[in-house]
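The shown structure was predicted, so the numbers you read here are calculated from the model rather than taken from an experiment. Sequence lines set the chain letters: A, B, ... in the order given, protein chains first and strands last, and positions in each chain run from 1.
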There are 2 protein chains.
Amino acid sequence: MPRGECQGQGWWHGRFRGCGYRLTIGREAILDVLSKAPGHLSAEDIYIKIHPGHPNVGLTTVYRTLDVLSSLGMVSKLDFGDGRARYELAEGPKGAHHHHHLVCTDCNKVIDYTDFIDEEVELLRETEKGLGKKYNFKITNHVIQFYGLCDKCIHKK
Amino acid sequence: MPRGECQGQGWWHGRFRGCGYRLTIGREAILDVLSKAPGHLSAEDIYIKIHPGHPNVGLTTVYRTLDVLSSLGMVSKLDFGDGRARYELAEGPKGAHHHHHLVCTDCNKVIDYTDFIDEEVELLRETEKGLGKKYNFKITNHVIQFYGLCDKCIHKK
DNA sequence: TCACTATCGAAAATGGTTTCCAATTTCAAA
DNA sequence: TTTGAAATTGGAAACCATTTTCGATAGTGA
């Protein structure tokens, strides 16, 4: 994961070139899938979705690209505890679709919630600022997840 | 992970028995290590710490026990994104040592912070309540983590 | 004592992710 | 154009934390 730094603004194509990366067919295809499918795709999900139209894009490339996208801050890598990373397009803490996650520890169902987001984000922003200063961290991302049992799994046995 | 349900109160010994589990030497040793060492131990860390005094407790057992402890809510399973789970004794959202995490995505250094915890916890409690009701979730845990670059890694090229 | 489980450790298997490598593509400078 | 260095690629093999399997042992209640 070289050339990590480069959190500029701008988007997609320009962003890539500006950081010395090339926006190739494969990468575009991956971004395309991510922007169309509703969140939480695993590397394999993406690979499978891409394969019909781009049979020559390998799983390795998907992983590599997700890594790059992630280091550019364009994609968020999520972990719901099932041993398989998920990815979703990042939209910044103030983006219209910003959400947090509610994860069932039994069936691994994931609910995106946006309720309370405003309050959370506000608090988070302050916290981020304070922590960044105190610990000399350059904070780029946050994860808020609630774990528990979903409707079905509470009653299931 | 059988017999999942059993989030009673009480602690340790009584808690085990009450749920049909046995509190064996190995399990006690694991709880002991967790309660003494400062948080964030991986399964292997625990295995290594235990081994001198309990050479007959295998890594498998450590994993199994952590699983049980986790399902009993006595231990929190953490993920810092380095592909290796960490565990720490759970203390409940209101526990004296409750903290959240600040993770460097470059060197994987983890800082426990307690600043802002009060505000966070308060908001969290409300959110938890609201979400639980709205989505019919029985929320048992939450994760709040900030990711970024630590002091050293910002400047390290 | 007698079943009936829970539990055990070691070894093997699993499976997501990374690494390796040789071939290909891209792009800017000549 | 041509050219060469750097970026990128796919496939196979490696990696490695975690799980599963399996046969054996130990607790527990009757």
Side-chain angles (χ1 to χ4, degrees), chain A residues 1-4 6 13-31 40-48 50-72 75 77-87 105 108, chain B residues 1-4 6 13-31 40-48 50-51 53-72 75 77-87 105-106 108:
Chain A
M1 206 187 305
R3 292 167 305 184
C6 193
H13 193 279
R15 181 103 164 238
F16 263 89
R17 304 306 312 283
C19 300
Y21 291 105
R22 296 169 188 162
L23 184 51
T24 61
I25 306 279
R27 287 173 178 176
E28 223 158 1
I30 290 169
L31 274 168
H40 312 165
L41 298 175
S42 69
E44 196 182 3
D45 289 338
I46 295 171
Y47 172 74
I48 288 172
I50 283 178
H51 201 255
H54 302 272
N56 47 341
V57 171
L59 183 56
T60 307
T61 295
V62 174
Y63 274 108
R64 270 190 297 231
T65 300
L66 289 171
D67 223 34
V68 169
L69 290 171
S70 184
S71 78
L72 288 181
V75 155
K77 184 176 182 179
L78 306 172
D79 189 299
F80 298 138
D82 65 345
R84 165 181 315 216
R86 311 297 169 121
Y87 301 82
T105 52
N108 286 316
Chain B
M1 206 184 306
R3 292 169 304 185
C6 194
H13 192 279
R15 181 104 162 237
F16 264 89
R17 303 308 312 281
C19 299
Y21 292 104
R22 297 172 190 159
L23 183 52
T24 61
I25 306 279
R27 288 173 177 176
E28 222 158 1
I30 290 169
L31 275 168
H40 311 166
L41 297 176
S42 70
E44 198 183 1
D45 289 338
I46 294 170
Y47 172 74
I48 289 172
I50 284 178
H51 202 254
H54 302 272
N56 47 339
V57 171
L59 183 54
T60 307
T61 295
V62 174
Y63 274 108
R64 270 192 293 233
T65 300
L66 289 171
D67 225 33
V68 169
L69 290 171
S70 184
S71 79
L72 287 181
V75 155
K77 184 176 183 178
L78 306 172
D79 188 300
F80 298 137
D82 66 343
R84 167 182 313 216
R86 312 298 169 119
Y87 302 83
T105 51
D106 203 50
N108 287 316

Sub-3.5 Å pairs of nitrogen or oxygen atoms, protein against nucleotides 25-30 of chain C:
{"from": "C:dT26", "atom 1": "O2", "to": "A:R22", "atom 2": "NH2", "distance (Å)": "3.2"}

Next on the checklist: Could you check whether any side-chain N or O of B:D67 sits under 3.5 Å from a backbone N or O of B:R64, counting only pairs where one atom can act as donor and the other as acceptor?
Outcome noted: no
Checklist entry - Roughly, in whole Å, what's the span from CG in A:L78 to P in C:dG16? => result 17 Å
Checklist entry - Are any side-chain N or O atoms of B:R17 and backbone N or O atoms of B:L23, one a donor and one an acceptor, separated by less than 3.5 Å? => result no
Checklist entry - What integer distance in Å separates B:Y21:OH from C:dC8:P? => result 12 Å
Checklist entry - Does the A:R22 side chain pair with the main chain of A:F16, one donor and one acceptor, at a distance under 3.5 Å? => result no
Checklist entry - Rounded to whole angstroms, how far apart are CG on B:D67 and P on C:dT7? => result 13 Å
Checklist entry - Can you check whether A:V62's main-chain N or O pairs, donor with acceptor, with A:R27's side chain at less than 3.5 Å? => result no
Checklist entry - Looking at OH of A:Y87 and CG of A:L66, how far apart are the two atoms once the value is rounded to the nearest 0.5 Å? => result 5.0 Å
Next on the checklist: Within this structure, what is the CD1-CG distance for the pair B:I46 and B:L31, rounded to the nearest 0.5 Å?
Outcome noted: 9.5 Å
Next on the checklist: With rounding to the nearest 0.5 angstrom, report the CG to OG1 distance, B:D82 to B:T105.
Outcome noted: 12.0 Å
Next on the checklist: Counting only heavy atoms from other residues, nucleotides and ligands, does the tally under 6.0 Å from CD1 of A:I25 exceed 12?
Outcome noted: no
Item to check | Distance, rounded to the nearest Å, where A:L72 contributes CG and D:dA7 contributes C1' | outcome: 14 Å
Next on the checklist: I'd like to compare against my own output: the B/S/- annotation of nucleotides 11-18 of chain D with a strict under-4.0 Å heavy-atom distance to protein.
Outcome noted: BB----SB
